[in-house]
Asker: 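Quick one: the structure is below, and I'll ask about it shortly.
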Amino acid sequence: MTIRTSIKYLGEHTGKTVLLEGWVYNSRSSGKLGFLMLRDGTGIAQCVVSRADVGDELFSRFDELTQESSLTVIGEVRADGRAPGGYEIGVESFQLHQQAIDYPIAPKEHGTAFLMDHRHLWLRSRRQHAIVLIRHEIIKATRDFLDNNDFILVDTPIITPNAVEGTTTLFEIDYFGQPAYLTQSGQLYNEANAMAHKRVYCFGPTFRAEKSKTRRHLTEFWMVEPEMAYCDLDENMIWAEKLIEYVVGRVLENRAAQLDMLERDRAKLEAVTAPFPRISYTEAVDILHAAGQEFEWGGDFGGGDETVISEQYDRPVIVHRFPARIKAFYMKVDAEDARLALGMDVLAPEGYGEIVGGGQREENLDVLLERLAEEDLDPETYQWYLDLRRYGSTPHAGFGMGIERVVAWICGLPHVRETIPYPRMLQRMEP
RNA sequence: UGGGCCGUAGCAUAAUGGCAAUGCACCCGGCUGUUAACCGGACGAUUGUUGGUUCGAGUCCAACCGGCCCAGCCA
C-alpha cells in the first residue's frame with residue numbers, strides 16, 4: 001500500500017512505500033543511477049533512481065527532471081547514512097507534472113538585485129525557506145504569549161483620517177474625494193480597545209513613507225502592539241521583556257535546525273533571558289560620552305548610537321525616560337522631571353537596534369490638550385481619542401514590536417529585506 | 001534627501017587606453033553512490049543609455065537611467 005505523505009514525516013515510514021509530491025531542487029546522474037533532490041515545502045529528500053530497478057524506459061526520462069520541475073514520486077523509504085537527512089527514497093516510479101525550462105536561479109551565488117527581482121522564486125531556496133519558517137514561529141509565539149496572558153486581539157483600521165507619528169511619513173490616499181492615510185500604528189485605537197477589554201493587542205501591516213534607504217527600514221512592515229489599561233511604565237517594560245524572552249525561547253526550541261541553516265550563533269540567543277538591563281536615557285547618553293561619541297542631551301539616538309549602547313550588553317537593553325520634546329504628544333510626562341516622557345525603547349544586541357518602542361500614555365485630559373497645542377495638532381480631529389480621558393480615564397501603557405526587525409535580529413540577517421516575503425522599500429515595489 | 005561606490009554573455013567575475021576572457025547554468029556525449037557530483041565538447045556579448053576626448057574607449061570625461069553601501073528619520 002502506498003502512503004501519501006510529506007518529507008518531514010519520512011522517518012515514520014521506514015521500509016514502507018510512500019508517495020511524495022514536490023519540485024526538483026537539484027539532480028545529477030551517472031549512466032545507470034540518478035540522484036534527485038526532491039523539495040516538497042516540508043523538507044528536501046534524496047530520491048535514488050536506479051536503471052536496474054525502474055527499467056530503461058523510465059530511467060531515460062530522468063533527464064526531464066530539470067531544476068524546479070514539479071513531479072510525484074513513489075518509492076520505498078530507507079534509512080541511509082549517505083543521504084542528507086538520513087533517509088532516502090528508492091524510487092519505483094515518478095510522474096512529471098510540468099517541466100521547468102531555464103529556471104533563473106542557479107544553485108550558485110547571485111547578486112542582491114537579481115535575487116530581489118526574482119523574489120517570488122527566491123522564496124523556494126533553502127535559506128529563504130528557513131527565514132519564513134522562523135518568521136512564522138516568531139509571529140505564532142508572539143500571539144501565543146499574548147493570548148495566554150489574557151490579551152485580546154482587537155483589529156484596528158488600516159485606513160485612517162489622522163496621523164499618529166509625524167505627518168511627513170504618511171502615505172496619502174484618495175478616500176472618495178477625502179484625503180485619508182494608511183495607518184502608521186494602531187495605537188490610538190488600541191487605547192480605546194484597552195478601555196473595553198483591559199489588555200488588547202493589534203497585529204497588522206503599517207505604512208511609513210519615509211525616504212530611508214537603510215538595512216532597517218521598509219515602507220510596509222508588520223507590527224504587534226499590545227496595550228494595557230491600569231498599567232504603568234515599569235509594568236510595560238516587564239511585558240515587553242517577557243514577550244521577547246518567550247519569543248526567542250520558542251524559536252530556539254522549535255526552529256534550531258533553521259537557525260543552524262542560517263549559521264546563526266545560538267549561544268547569543270540563549271543569553272536572552274529576563275531581566276534585561278534598564279537604563280535611563282540620561283545614563284545612555286553617559287555611555288555614549290564614555291565611549292567617545294559626540295552626543296548632546298536632548299537629541300534622538302542614531303543607528304550608530306544605538307549600536308554603541310547595545311554593545312555594552314549580551315541581551316536586549318531597555319532605555320527609558322526620554323526627553324519629552326522628541327516623543328509623541330500622547331506620551332505621559334514624568335512626574336519627577338517635567339523634561340522627561342515615560343517612554344521606553346528596547347534595543348536588540350549585536351547592533352540590531354530598536355525592536356520595541358512604547359511607553360505610558362497621558363491619561364489627563366487637560367495635559368493632553370496642552371500637548372496637542374504644543375505640537376500644533378488640531379484637537380478637533382482627536383475628539384474621539386480625547387473621550388477616552390473624559391469617560392473613565394485610567395493609567396495605561398503599551399508598546400509596538402516591529403516583526404521584521406525581530407526576525408532580522410533572531411536570524412542574524414544583515415538586511416530586513418529578507419525578513420518579509422515581498423518587501424516594500426523606497427526603490428522597490430515588485431514583485 | 002545628501003555623501004561614497006558600482007553597471008561586461010541567463011548568472012557570478014576578469015581584462016595596463018591596444019584581439020572582450022574564465023567559471024556556473026542551458027544544450028550534446030561519457031560515467032552504478034552522487035552530496036553546489038565529476039570528465040569531454042558546443043553555444044552564448046551592439047561592455048546600462050546618450051554624447052565627448054583619442055589613431056584607438058569595457059577602461060578617461062559629462063549627463064541621464066538603474067543598483068549597492070553609509071547618513072538623517074523610525075519599528
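Throughout, protein chains are lettered first and strands after them, A, B, ... in sequence-line order, and every chain is numbered starting at 1.
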Asker: Base, sugar-phosphate alone, or nothing: which one does A/Gln46 contact when heavy atoms must sit under 4.0 Å apart?
Answerer: base
Asker: Using the C1' atom in both, what is the distance from B/rA45 to B/rU53, to the nearest Å?
Answerer: 25 Å
Asker: Using the P atom as the point on both nucleotides, what is the distance between B/rU16 and B/rG58, in whole Å?
Answerer: 13 Å
Asker: Touch check for A/Asp345, heavy atoms < 4.0 angstrom, all strands: base, sugar-phosphate only, or nothing?
Answerer: nothing
Asker: Would a line drawn from the ring center of A/Tyr385 to the ring center of A/Tyr330 be shorter than 6.0 Å?
Answerer: no
Asker: Whole-Å distance between B/rG10 P and A/Leu121 CG?
Answerer: 18 Å
Asker: Using a 4.0 Å heavy-atom cut-off, does A/His217 contact any base of the nucleic acid, only the sugar-phosphate backbone, or nothing at all?
Answerer: base
Asker: Any base atoms under 4.0 Å from A/Pro104, or only sugar-phosphate, or nothing? Heavy atoms, all strands.
Answerer: nothing
Asker: How far does the P atom of B/rC26 sit from the matching atom of B/rC11, given to the nearest Å?
Answerer: 15 Å
Asker: Does A/Pro84 or A/Glu404 map to a spot on RNA chain B nearer the 5' end, using the closest nucleotide for each?
Answerer: A/Pro84
Asker: Checking ring pair (Phe, Tyr, Trp, His ring centres under 6.0 Å) against A/Phe151, which of A/Phe145, A/Trp239, A/Phe203 comes through?
Answerer: A/Trp239
Asker: Can you check the distance between B/rC64 and B/rA9, where both ends of the measurement are the P atom (answer in whole Å)?
Answerer: 24 Å
Asker: Would A/Ser185 and A/Glu225 count as a side-chain hydrogen bond (donor to acceptor under 3.5 Å, both in side chains) here? Give the steps.
Answerer: CA-CA 8 Å; A/Ser185 163; A/Glu225 296 178 272; 2.7 Å; yes
Asker: Please work out if A/His415 contacts a base, only the sugar-phosphate, or nothing of the nucleic acid, heavy-atom cut-off 4.0 Å.
Answerer: sugar-phosphate
Asker: So what does A/Thr214 hit on the nucleic acid, given a heavy-atom distance under 4.0 Å: a base, only sugar-phosphate, or nothing?
Answerer: base
Asker: Of the listed nucleotides (B/rC70, B/rA75, B/rG33), which one gets closest to any side-chain atom of A/Asp80?
Answerer: B/rG33
Asker: ring-ring contact (aromatic ring centres under 6.0 Å, His included) between A/Trp122 and A/Phe114: does it pass, once the steps are laid out?
Answerer: CA-CA 10 Å; A/Trp122 189 22; A/Phe114 176 82; 9.7 Å; no
Asker: What nucleic acid atoms does A/Gly353 come within less than 4.0 Å of, heavy atoms only: base, sugar-phosphate, or nothing?
Answerer: nothing
Asker: What integer distance in Å separates A/Asp117:CG from B/rC68:P?
Answerer: 9 Å
Asker: Which base, if any, makes a Watson-Crick or G-U wobble pair with B/rC73, both distances under 3.5 Å?
Answerer: none
Asker: Kindly point out which of B/rC74, B/rC11, B/rG33 is positioned nearest to the side chain of A/His110?
Answerer: B/rC11
Asker: So does A/Lys8 get a backbone contact from the side chain of A/Ser6, meaning a donor-acceptor N/O pair under 3.5 Å?
Answerer: no
Asker: Using atom P in both nucleotides, what's the gap between B/rG66 and B/rG48 to the nearest angstrom?
Answerer: 16 Å
Asker: Rounded to whole Å, please give me the gap between OH in A/Tyr103 and C1' in B/rA25.
Answerer: 13 Å
Asker: Rounded to the nearest Å, what distance is computed from the CG atom of residue A/Asp102 to the P atom of nucleotide B/rC24?
Answerer: 17 Å
Asker: With both distances under 3.5 angstrom, what nucleotide forms a Watson-Crick or G-U wobble pair with B/rC5?
Answerer: B/rG67
Asker: Pick base, sugar-phosphate or nothing for A/Glu88, based on heavy-atom distances below 4.0 Å to the nucleic acid.
Answerer: base
Asker: Assess whether side-chain contact (heavy atoms from CB on, under 4.5 Å) is satisfied between A/Thr66 and A/Val24, documenting all intermediate values.
Answerer: CA-CA 7 Å; A/Thr66 53; A/Val24 177; over 6 Å; no
Asker: Closest to the A/Phe114 side chain: B/rG33, B/rA75, B/rA12?
Answerer: B/rA12
Asker: Separation of A/Glu354 atom CD from B/rG72 atom P, in whole Å?
Answerer: 14 Å
Asker: Searching all strands shown, indicate the nucleotide that pairs with B/rC60 (Watson-Crick or G-U wobble; both distances under 3.5 Å).
Answerer: B/rG52
Asker: From the options B/rU34, B/rC26, B/rU32, select the nucleotide whose nearest atom is closest to the side chain of A/Lys32.
Answerer: B/rU32
Asker: Taking the minimum atom-to-atom distance to the side chain of A/Arg82, which one of B/rU34, B/rC70, B/rC31 wins?
Answerer: B/rU34
Asker: Select base, sugar-phosphate, or nothing to describe what A/Ile105 touches, counting heavy atoms under 4.0 Å on all strands.
Answerer: nothing
Asker: Write down the distance between CD (A/Gln67) and C1' (B/rA25), rounded to a whole number of angstrom.
Answerer: 9 Å
Asker: Can you find a side chain N or O atom of A/Arg417 that sits less than 4.0 Å from OP1 or OP2 on B/rC69?
Answerer: yes
Asker: Have a look at A/Thr206 and say if it touches a base, only the backbone sugar-phosphate, or nothing, with a 4.0 Å heavy-atom cut-off.
Answerer: nothing
Asker: Starting at atom CH2 of A/Trp122, determine the distance to atom C1' of B/rG10, rounded to an integer number of angstrom.
Answerer: 18 Å
Asker: Please classify the nucleic acid contact of A/Arg78 as base, sugar-phosphate, or nothing, using heavy-atom distances under 4.0 Å.
Answerer: base
Asker: Roughly how far apart, to the nearest Å, are B/rC31 and B/rA57 at atom C1'?
Answerer: 47 Å
Asker: Is there a donor-acceptor pair under 3.5 Å between the side chain of A/Asp345 and the backbone N or O of A/Glu354?
Answerer: no
Asker: Which part of the nucleic acid, if any, lies within contact of A/Val406, taking any heavy atom under 4.0 Å across all strands shown: a base, the sugar-phosphate backbone alone, or nothing?
Answerer: nothing
Asker: When both hydrogen-bonding distances must be under 3.5 Å and the geometry is Watson-Crick or G-U wobble, what is B/rC24 paired with, if anything?
Answerer: B/rG10
Asker: Could you tell me how far B/rC55 sits from B/rA21 if I compare only their C1' atoms? Round to whole Å.
Answerer: 25 Å
Asker: Would you classify A/Phe35 as touching base, sugar-phosphate or nothing, given that sugar-phosphate means primed atoms plus P, OP1 and OP2, and contacts are heavy atoms under 4.0 Å?
Answerer: base
Asker: Which whole-number value in Å describes the distance from A/Leu33 CG to B/rU32 P?
Answerer: 9 Å
Asker: When you measure from the side chain of A/Tyr281 to the backbone N and O of A/Gly298, does any donor-acceptor pair fall under 3.5 Å?
Answerer: yes
Asker: When you compare B/rC27 with B/rA63, how far apart are their P atoms, in angstrom units rounded to a whole number?
Answerer: 45 Å
Asker: Is the backbone of A/Glu283 close enough, under 3.5 Å, to the side chain of A/Ser280 for a donor and an acceptor to pair up by distance?
Answerer: yes
Asker: Classify the nucleic acid contact of A/Arg51 as base, sugar-phosphate or nothing, counting any heavy atom under 4.0 Å across all strands shown.
Answerer: nothing
